[in-house]
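All ligand and atom numbering here is 1-based and tracks the order in the structure. A quick note: this is a predicted structure, and the numbers were derived from the prediction, not measured. Along the sequence shown, the residues carry numbers beginning at 1.
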Amino acid sequence: MKYVSTRGSAPALDFAGVTLAGLASDGGLYVPEEWPQFSLDEITAMRGLPYPELAARVMQPFVGDCLTPEKLHELTAKAYARFAHKAVTPLVQLTEQQWLLELFHGPTLAFKDVALQLLGLLFEEFLAREDGTLTIVGATSGDTGSAAIDAVAGLDRVEIFMLHPKGRVSDVQRRQMTTVRAPNVHNIAIDGSFDDAQAMVKRIFADESVTAKHRIGAVNSINWARLMAQVVYYFAASLQLGGPERKLAFSVPTGNFGDVFAGHVAARMGLPIEQLLVATNINDILHRALSSGDYSTGTVTPTAAPSMDIQVSSNFERLLFDVGGRDGAALAEQMRGFEASRAMQLTNAQREGAAALFTSARADEAETAQAIRWAYESCCETIDPHTAIGLHAALQAELPTDVPVVTLATAHPAKFPDAVERATGMRPTLPARVGDLFAREEAYTELPGTYEAVREHILGHAS
Ligand SMILES: Cc1ncc(COP(=O)(O)O)c(C=O)c1O
Ligand SMILES: N[C@@H](CCOP(=O)(O)O)C(=O)O
């Protein structure tokens with residue numbers, strides 16, 4: 001399996017290469033040269049497999065000969081052994097048609113663990129082969145940071161610098177990052193938004209004053225391996241609800257477009273999917289892009305779902321490439337225009353290609369709270385604000401009544417106790433597996449929101 005850049009001019013790489021590279025050298029994102037296909041019989045044969053085995057089966061075509069099937073299975077078994085639920089990503093039924101896919105049973109209570117527990121192991125495996133090291137620079141609106149730090153803390157060959165927007169993540173999210181004491185973990189709080197942090201990360205990859213000294217790697221969903229691991233739970237949900245004979249719809253709370261792009265990949269691989277609902281909060285660039293073709297950024301407004309307070313949505317580029325004709329040179333030009341003006345119009349091909357599978361909805365703060373309340377009062381389920389945005393979209397969707405609608409429950413409600421308490425009057429408690437989070441001491445560096453400050457800090461502290 002070879003991977004090509006969405007901007008057309010970076011070298012094609014194999015799976016180990018893209019895992020360690022993170023971002024392509026031309027600023028694009030890596031995607032498989034072509035989508036591997038499963039027949040309906042092959043998908044049916046996956047029914048009943050334990051999650052780690054299903055994961056190895058679904059991911060093997062992407063991995064190619066970089067890992068043997070036995071080795072890949074060994075890694076998935078290790079990655080998912082730390083999940084608190086045997087099913088890893090269990091389904092919960094809300095109504096006859098509505099379901100939740102709980103993705104928060106990993107060590108840091110959000111869906112990011114599903115991919116990052118595996119990514120940490122992949123880094124170890126591939127770096128050991130070449131006796132190399134990796135300096136990871138990441139940006140987080142709360143969940144990627146904690147999951148990535150958990151996955152790589154203490155590893156010998158990896159060092160991580162994680163940028164979060166100061167004051168814009170929940171206390172639980174911040175503490176899950178800043179209370180981890182390991183010599184290879186560096187937390188940085190910057191003045192600014194997640195988008196500012198993400199832009200700095202992408203700039204680091206292109207900065208020779210950094211890359212000449214350190215091999216930079218990514219844990220954000222710009223890294224292909226993140227998305228690959230997220231494809232698996234679309235298969236897991238479908239197989240439990242009558243797939244592949246029966247089509248499902250998925251409602252996905254969306255920020256950086258990684259999770260929902262993984263659903264698109266599952267569909268490209270042959271999983272029958274009726275619709276992917278892109279659910280946004282009031283930072284609704286994706287809703288505007290999908291409903292009117294207008295991909296233009298506004299300022300990021302803080303909401304009760306801080307992990308989705310994102311305007312520049314990295315993985316949307318992968319969709320535009322895939323549905324817009326896979327023309328790297330044309331997309332590079334389109335993206336250059338967007339980076340200069342912070343606005344672009346989707347082409348007709350991009351709009352029509354996206355409309356074949358995607359639809360979108362937006363929830364404001366009152367609608368988010370209302371969905372939390374509805375789940376609590378009508379279904380006895382406590383959900384977090386991100387999941388609530390997905391559920392709001394799922395409940396609005398116009399779909400045939402025999403199509404199950406699965407909302408991805410992306411975070412544990414106790415990560416956002418204030419929002420849940422405001423909506424329900426009940427304060428969710430943290431599961432025992434996070435331990436004495438509020439008793440541990442925090443450590444992080446505060447920096448102004450300038451690229452130069454961040455670069456100097458990394459150069460001064462990277463070993
Ligand atoms: C809890 C939660 N839900 C949803 C999202 C959105 O996912 P994506 O960025 O893959 O669209 C994020 C972060 O990205 C998140 O942390
Ligand atoms: N919501 C994310 C933002 C980063 O997105 P990623 O999926 O690209 O890592 C977070 O919680 O950090």
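Under the 30°/60° scheme for interplanar angles, the aromatic rings of Phe126 and Phe15 are found to stand perpendicular. In this pair, Phe338 and Tyr295 present their aromatic rings tilted. The plane angle is within the 30 to 60° band. Using the six-membered ring where Trp is involved, His186 and Phe161 have ring planes that are parallel, under 30° apart on the 30 and 60° scheme.
In summary, of the residues considered (Ile136, Leu29, Leu23, Leu119), a side-chain contact (heavy atoms from CB on, under 4.5 Å) with Asn223 occurs for Leu119 alone. Applying the salt bridge (charged side-chain N to carboxylate O under 4.0 Å, His left out) test between Asp150 and each of Lys112, Arg433, Arg82 identifies Arg82 as the sole match.
Less than 4.0 angstrom separates some heavy atom of Thr140 from each of these atoms of ligand 2: 10 (C), 11 (O), 12 (O). Of all atoms in ligand 2, numbered sequentially from 1 with element shown, those under 4.0 Å from a heavy atom of Asn256 are 5 (O), 6 (P), 8 (O). Under a 4.0 Å criterion applied to the non-hydrogen atoms of Thr144, ligand 2 contributes the atoms 2 (C), 4 (C), 5 (O), 6 (P), 7 (O), 9 (O), 10 (C), 11 (O), 12 (O). The distance from ligand 2 to the heavy atoms of Gly142 drops below 4.0 Å at these ligand atoms: 10 (C), 11 (O), 12 (O). For ligand 2, the atoms closer than 4.0 angstrom to any heavy atom of Phe194 are 3 (C), 4 (C).
Of all protein heavy atoms, the one lying nearest to atom 3 (C) of ligand 2 is Ser141 OG, 3.2 Å. Nearest protein heavy-atom contact of atom 8 (O) of ligand 2 is Ser221 OG, 2.5 Å. Atom 11 (O) of ligand 2 has Asp143 N, 2.7 Å as its closest protein atom, hydrogens excluded (heavy atom only).
Put simply, part of Lys112 is less than 4.0 Å from ligand 2, judged by heavy atoms. Ligand 2 lies within reach of Arg226, whose nearest heavy atom is under 4.0 Å from it.
Using a heavy-atom distance under 4.0 Å as the criterion, the protein contacts of ligand 1 are Phe111, Lys112, Asp143, Pro253, Thr254, Gly255, Asn256, Phe257, Gly258, Asp259, Ser307, Met308, His386, Thr410, Ala411.
Polar contact check, Asn315 against ligand 2: no nitrogen or oxygen pair lies under 3.5 Å apart.
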Fill in: Working for side-chain hydrogen bond (donor to acceptor under 3.5 Å, both in side chains), residues Gln334 and Gln350
CA-CA 12 Å; Gln334 194 179 4; Gln350 289 166 340; 2.8 Å; yes
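Stacking of Arg326 on the aromatic ring of Phe321 is not recorded, the 6.0 Å distance cut-off and the 45° axial limit not both being met.
In this structure, Leu100 and Leu94 have side chains that are in contact, with non-hydrogen atoms separated by less than 4.5 Å.
Residues Phe194 and His164 keep their aromatic ring centres 6.0 Å or farther apart. Taking the six-membered ring for Trp and the full ring otherwise, the centers of Phe104 and Phe111 sit at least 6.0 Å from each other.
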Distance-only donor-acceptor hits, side chain of residues 261-278, under 3.5 Å, sequence neighbours excluded:
from, atom 1, to, atom 2, distance (Å)
His264, NE2, Asp322, OD2, 2.7
Arg268, NE, Asp322, OD2, 2.8
Arg268, NH2, Asp322, OD2, 3.1

